[in-house]
Amino acid sequence: MNAGAAKANDGIVQLENARKIYQMGHQEVKALDGITLTFRRGGFWAIMGPSGSGKSTMMNILGCLDRLTSGQYILEGRDVSELDDDSLSELRLRHLGFVFQSFNLIPQLTVQRNIELPLYYLGWDASRSAERARELAEEVGLEERLGHRPTELSGGEMQRVAIARSLANDPEIIFADEPTGNLDTATGEQILQLLVKLNEEGKTIIMVTHESHVAVYAKRRLHMLDGVVERIEGDG
Amino acid sequence: MHQIKVVRNILLGIENLLLHKLRSLLTTLGIVFGVGSVVAMLSVGEGASKEALEQIRKLGSNNIIISSIKSIDEEAASTTHSHMSIYGLTYEDHRRVAETFRTIRQAAPVKLMRKEGRLGERSLELRIVGTTAVWFELVRRPVMAGRVLLASDDKGSLPVAVLTEFGARRLLAGEGTIGQKLRIGSDYFEVVGIVKSESGQAGNIQIPDQEIDVYIPISVAQAYFGDINTRRTAGTRERELVELHQMIVAVETIEDVEPTAGGIEHMLGRFHKKKDYLVSVPLALLRQAEATKRTFNIVLGSIAGISLLVGGIGIMNIMLASVTERTREIGIRRAIGAKRRQIIGQFLIETVVLSIIGGLIGIGLGVIVPSLITFFSGMATVITLASIVLPLVISGGVGIVFGLYPAVRAAKVDPIVALRHE
Ligand SMILES: Nc1ncnc2c1ncn2[C@@H]1O[C@H](COP(=O)(O)OP(=O)(O)OP(=O)(O)O)[C@@H](O)[C@H]1O
Ligand SMILES: [Mg+2]
């Protein structure tokens, strides 16, 4: 590492004048309008803001699912703004985990096979994957459910399976888009506790929510409005 | 390690297809019939060729067979009493044919007759061929005991006889019979050998040694029995004067067969007033077989082509539906880190597995159909390894060709769009 990268070293995720512009006919929608921001390693962030403020867009960019129109995105000291589709897939596979509002489990596959999915693409063999899936299921308290299909589970259980899956590749960052959006308050709380625990174990967590009672679990809250960062609260 | 992965991918593909058993099965019907037709086509073609080759082996590929036939007006006249029919090939024809054509290597004259025969206690009507040593070179059969006729037998007019396997069986003769006397008519012949014989019909040409019991030198046949045959049938007495009943001619190379046959036909036409001879060419059987093969290839090939096309489109259709149905699944896999080409691989394997399953069912069908063809039409069919492997490769190929577009469509799914919660 050279001296210039020293700043990048403690920031796991950095945006430099990041812009995402959608062209809708003649109209431009500036979903991200020149954001410069650093997320530090080990943080737990809640991205907040009203509908249409650019939260999901931000999440897609940070999760390497989408590319900036202009500006830079530096992930772990590496400029990923210009990477091609295969390289972005590789980054997601090795470094990132995702949890979605609608769980996004594959209904035909058992809980075990859902958890194993990232390992399959990492090229793990079947017995090692099965062992890892069992460990992860234990970690989220679902070792009894490995042979079930997602449709046989409650919402909270499904979201725990999704979290187990997001942990399979031992990611540095977990992205959670409205992870409690489809859950009742009590169940949502369990899920948030799980995320807090993972953060304490060292995972960087970036969560989108528009509910302040959810956002309080995060160490820092980032408020967005019309594609720009309005303010940041909290510390850690 | 890599192979394990391929196997695992195939198993995953099968698993996915099993989720929609009936749909998958119906989808493959086109492939089933297409592949079935290919197998049937190949086995019928193979059977026709094999049968023709077998027949030609019995007849001799370089041989031309010229037979005496009763012309139609002769046939009509022979029903009247004490009429003598005179027709067919002559000794002169034999000499002329043998000397005229440079392409002819050897020519064997054949005289047929039926005479009362007796060997030991056994006595029956024998079917006798008078010929020369050349016969045994043109109609090659293994010698079972003793020897065949020699040129010296004919030259010296020796009263010797060679039995066919068939004749030996009728006369209850065996190896011990060699050297014994066989009475034909009122003359005695020494049995000098037994040769194997073939039977059966080769297309519309008769196998030369079918229904023959004994060979004797032609010079002896002519001297002892003359050229007139008398046949008694239900009250009438038919008398015929036929010098030679057949000539078997061998040419140097296969290329000479047809020009020479044409030449012989032309030459006989000039010397015979009536068409009382027939020139047949065993090689023509091969052409006949090829014609059969071609007809079957056209019919079954078109069925196969259309079925495979329809089958392929059916599979493409079902896979496109599957891609749409599974958009979210594709999005999940992509978000997790699957590369585009892995998605392509997943769908392609699924399509290929589907069409190969169809192919296997089709091969099963294609194996049954030829045996039905053989059963009902008597046509020979042969199933070779190629007639199973080729259709399998074709069905795999159909899977790849028609699976590619749906797979590419799957890979183009944008995970952001696919995962947007409803
Ligand atoms: N694919 C797209 N094409 C065009 N415009 C888009 C597209 N995706 C997002 N936008 C626009 O970009 C802006 C930001 O959208 P984004 O989905 O990031 O908002 P959000 O904060 O996640 O809202 P919500 O709370 O409703 O999920 C919106 O105005 C939206 O209409
Ligand atoms: Mg959103």
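Bear in mind that the values here come from a model prediction, so they are computed numbers and not experimental data. All values below were derived from every heavy atom in this structure, side-chain atoms included, with hydrogens, water molecules and symmetry-related copies excluded. Every chain is numbered from 1 and lettered A, B, ... according to where its sequence line falls, protein lines coming before strand lines.
For the pair A/Phe100 and B/Ala335, the tightest heavy-atom approach, listed with the atom from each and the gap, is CZ-CB, 4.2 Å.
Under the 3.5 Å distance criterion, with hydrogens and angles disregarded, no donor-acceptor pair is assigned to the side chains of B/Glu15 and A/Gln108.
Inspection of non-hydrogen atoms places B/Pro415, B/Ile416 of residues 391-416 of chain B under 4.5 Å from chain A.
Residue A/Arg94 does not touch chain B at all, counting heavy-atom pairs closer than 4.5 Å. If you measure heavy-atom distances from B/Ile332 to chain A, the contacts under 4.5 Å come from the side chain alone. Using a 4.5 Å cut-off between heavy atoms, B/Arg334 contacts chain A through both its backbone and its side chain. Only the backbone of A/Leu105 comes within contact range of chain B, with at least one heavy atom under 4.5 Å from a heavy atom of that chain. Interface remark: A/Asp85 contributes side-chain atoms only to the contact with chain B (heavy atom separation under 4.5 Å).
Salt bridge status for B/Arg341 with A/Asp86: present, with a side-chain N to carboxylate O gap under 4.0 Å.
Atom CD of A/Gln27 has 12 or fewer neighbouring heavy atoms from other residues, nucleotides or ligands inside a 6.0 Å radius. By the 6.0 Å contact criterion, CZ on B/Arg287 is open, its count of non-hydrogen atoms from other residues, nucleotides or ligands being 12 or less. For CD of A/Glu131, the number of neighbouring non-hydrogen atoms (other residues, nucleotides, ligands) closer than 6.0 Å is 12 at most. Atom CD of A/Gln23 is surrounded by more than 12 heavy atoms from other residues, nucleotides or ligands within 6.0 Å. Under a cut-off of 6.0 angstrom, the local environment of CG in A/Asp79 is crowded, with over 12 non-hydrogen atoms contributed by other residues, nucleotides or ligands.
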Might you work through the side chain to side chain contact (heavy atoms under 4.5 Å, CB included) test for B/Arg333 and A/Tyr121, ending with a clear yes or no? CA-CA 9 Å; B/Arg333 288 175 184 270; A/Tyr121 288 110; 2.9 Å; yes

I'd like to know whether B/Lys339 forms a side chain to side chain contact (heavy atoms under 4.5 Å, CB included) with A/Leu88, so could you lay out the CA-CA distance, the side-chain angles of the two residues, the decisive distance to 0.1 Å, and finally the verdict. CA-CA 9 Å; B/Lys339 298 192 177 69; A/Leu88 290 179; over 6 Å; no

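Between atom CZ of residue B/Arg420 and atom CG of residue A/Asn60 there is a gap of 8.0 Å, rounded to the nearest 0.5 Å. For the atom pair A/Tyr120 OH and B/Arg8 CZ, the distance stands at 6.5 Å (nearest 0.5 Å). The OG atom of A/Ser89 sits 9.0 Å away from the CD1 atom of B/Ile343 when rounded to the nearest 0.5 Å.
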